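Report on the structure given below.
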Amino acid sequence: MFTGIIETLGIVQEIKKEQDNIHITIDSAITNELKIDQSVAHNGICLTVVAIEGNCYTVTAIGETIKKTNISNWKVGDHVNLERAMKLGDRLDGHIVQGHVDQTGTCIVAQETNGSWFYTFEYDSELQNITIEKGSITVNGVSLTVVDSGKDNFSVAIIPYTYEHTNFNSFVVGTKVNLEFDVIGKYVSRLYSNK
């Protein structure tokens with residue numbers, strides 16, 4: 001479980017394909033605190049640490065993960081939002097995030113608005129995921145509040161701190177992102193759609 005509060009950025013150092021899997025090596029300031037078999041959210045994708053060497057560690061994504069996320073678009077040099085799993089008893093500063101990406105979305109608006117930033121993302125509503133105005137959404141692992149909600153899109157506003165300390169500062173129109181919809185909203189949506 002995660003909170004959607006990003007700890008740091010990692011930099012993709014190497015990407016190796018092996019059969020249907022991708023092995024990704026990340027350089028990060030938190031590498032020396034990691035252990036093999038530990039879960040870390042990478043742009044909201046929960047991946048297991050499989051190797052550690054110096055300031056770098058490696059994780060593996062399997063076919064299912066590759067199919068549901070934007071991980072196949074990652075390139076060497078990309079910055080990735082990182083969050084370690086929350087500890088029992090810690091404050092839950094964001095919201096309950098599982099690290100299980102529901103689907104990808106595409107940025108359709110990215111604009112600065114007098115010191116903050118406003119983004120709109122479009123997604124495939126056929127998958128029956130929903131957003132609720134003032135509800136929670138996770139974009140590339142970042143816990144955010146939905147400002148506006150449509151049938152197949154939603155908007156969020158980003159404070160300067162989030163803009164500077166996550167990879168939101170690299171988003172442009174057309175950027176593909178990972179979306180994890182609020183687990184409570186998903187439950188309520190499924191409950192009412194089955195009636």
Side-chain angles (χ1 to χ4, degrees), residues 1-6 20-22 24 39-48 59-74 78 80-86 92-111 113 116-159 162-163 166-168 170-195:
M1 299 292 281
F2 303 92
T3 66
I5 304 300
I6 303 306
D20 287 342
N21 301 332
I22 299 174
I24 301 161
S39 295
V40 178
H42 300 75
N43 280 356
I45 309 165
C46 180
L47 298 169
T48 302
V59 293
T60 301
I62 62 172
E64 178 69 10
T65 303
I66 296 164
K67 184 173 79 175
K68 282 197 165 181
T69 69
N70 69 358
I71 204 165
S72 62
N73 296 345
W74 293 7
D78 280 356
V80 181
N81 295 327
L82 301 177
E83 179 191 2
R84 288 174 287 173
M86 67 180 187
L92 183 61
D93 290 323
H95 72 281
I96 296 170
V97 177
Q98 296 178 297
H100 304 156
V101 173
D102 294 304
Q103 65 184 98
T104 58
T106 304
C107 181
I108 58 172
V109 173
Q111 65 185 55
T113 55
S116 62
W117 286 264
F118 185 84
Y119 296 90
T120 301
F121 299 95
E122 188 174 58
Y123 61 93
D124 181 1
S125 61
E126 296 283 319
L127 298 176
Q128 298 182 339
N129 291 308
I130 62 165
T131 57
I132 301 165
E133 195 169 318
K134 305 295 183 270
S136 297
I137 185 74
T138 306
V139 178
N140 267 11
V142 181
S143 172
L144 298 166
T145 300
V146 175
V147 175
D148 294 309
S149 178
K151 180 178 183 280
D152 63 355
N153 65 76
F154 66 91
S155 300
V156 294
I158 304 296
I159 63 172
T162 303
Y163 183 83
T166 69
N167 60 13
F168 263 83
S170 67
F171 292 3
V172 295
V173 171
T175 297
K176 193 174 186 180
V177 297
N178 295 319
L179 301 176
E180 181 181 330
F181 294 81
D182 184 17
V183 69
I184 296 167
K186 283 192 282 193
Y187 172 76
V188 171
S189 169
R190 303 291 194 286
L191 185 68
Y192 284 104
S193 67
N194 290 331
K195 287 192 173 188

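Computation of the quantities below employed the complete heavy-atom set of this structure, encompassing side-chain atoms and omitting hydrogens, waters and symmetry-equivalent molecules. We're numbering straight along the sequence, starting at 1. As the structure is a prediction and not an experimental result, all values here were calculated from the model.
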By salt bridge (charged side-chain N to carboxylate O under 4.0 Å, His left out) - contacts of K67 (at least two apart):
E64
Let me confirm one number: the [atom1]-[atom2] distance from [X] to [Y], rounded to the nearest 0.5 Å.
X    : Y    : atom1 : atom2 : value
I108 : E122 : CD1   : CD    : 4.5 Å
N21  : T65  : CG    : OG1   : 9.0 Å
D182 : L144 : CG    : CG    : 12.0 Å
N178 : T138 : CG    : OG1   : 10.5 Å
T69  : K176 : OG1   : NZ    : 8.5 Å
H100 : C46  : NE2   : SG    : 5.5 Å

Is there a side-chain contact between [X] and [Y] (heavy atoms, below 4.5 Å)?
X    : Y    : answer
L127 : D102 : no
W74  : N43  : yes
N70  : N140 : yes
I137 : V156 : yes

Checking side-chain polar atoms at under 3.5 Å, does Q103 have a donor or acceptor matched by the opposite partner on N129?
yes
Counting only N and O atoms by type, is there a donor-acceptor contact under 3.5 Å from the side chain of Q111 to the main-chain atoms of F118?
no
Can you tell me if N81 uses its side chain to pair, donor with acceptor, with the backbone of N167 under 3.5 Å?
yes
Would you mind listing every ring-ring contact (aromatic ring centres under 6.0 Å, His included) that reaches into residues 127-151, with sequence neighbours excluded?
none
Would you please name every residue forming a side-chain hydrogen bond (donor to acceptor under 3.5 Å, both in side chains) with S155, sequence neighbours left out?
T120
Work out which heavy atom in I66 is nearest to a heavy atom in S72; give both atom names and the distance.
CG2-CB, 4.1 Å
Between L82 and H42, is the side chain to side chain contact (heavy atoms under 4.5 Å, CB included) condition met? List the steps.
CA-CA 5 Å; L82 301 177; H42 300 75; 3.3 Å; yes
Working for side chain to side chain contact (heavy atoms under 4.5 Å, CB included), residues F171 and V139:
CA-CA 11 Å; F171 292 3; V139 178; 4.2 Å; yes
With side chain to side chain contact (heavy atoms under 4.5 Å, CB included) as the test, would you mind laying out the steps for I71 and I24 before giving the verdict?
CA-CA 10 Å; I71 204 165; I24 301 161; 3.4 Å; yes
Excluding sequence neighbours, so at least two apart, what forms ring-ring contact (aromatic ring centres under 6.0 Å, His included) with F154?
F121
Taking only residues two or more places apart in sequence or in another chain, which ones pass ring-ring contact (aromatic ring centres under 6.0 Å, His included) with Y163?
W117
For residues 146-153, please give each side-chain donor-acceptor pair under 3.5 Å, one per line with the distance, not counting sequence neighbours.
unit_1: S149; atom_1: OG; unit_2: T131; atom_2: O; d: 2.8
unit_1: S149; atom_1: OG; unit_2: T131; atom_2: OG1; d: 2.6
unit_1: K151; atom_1: NZ; unit_2: S125; atom_2: OG; d: 3.3

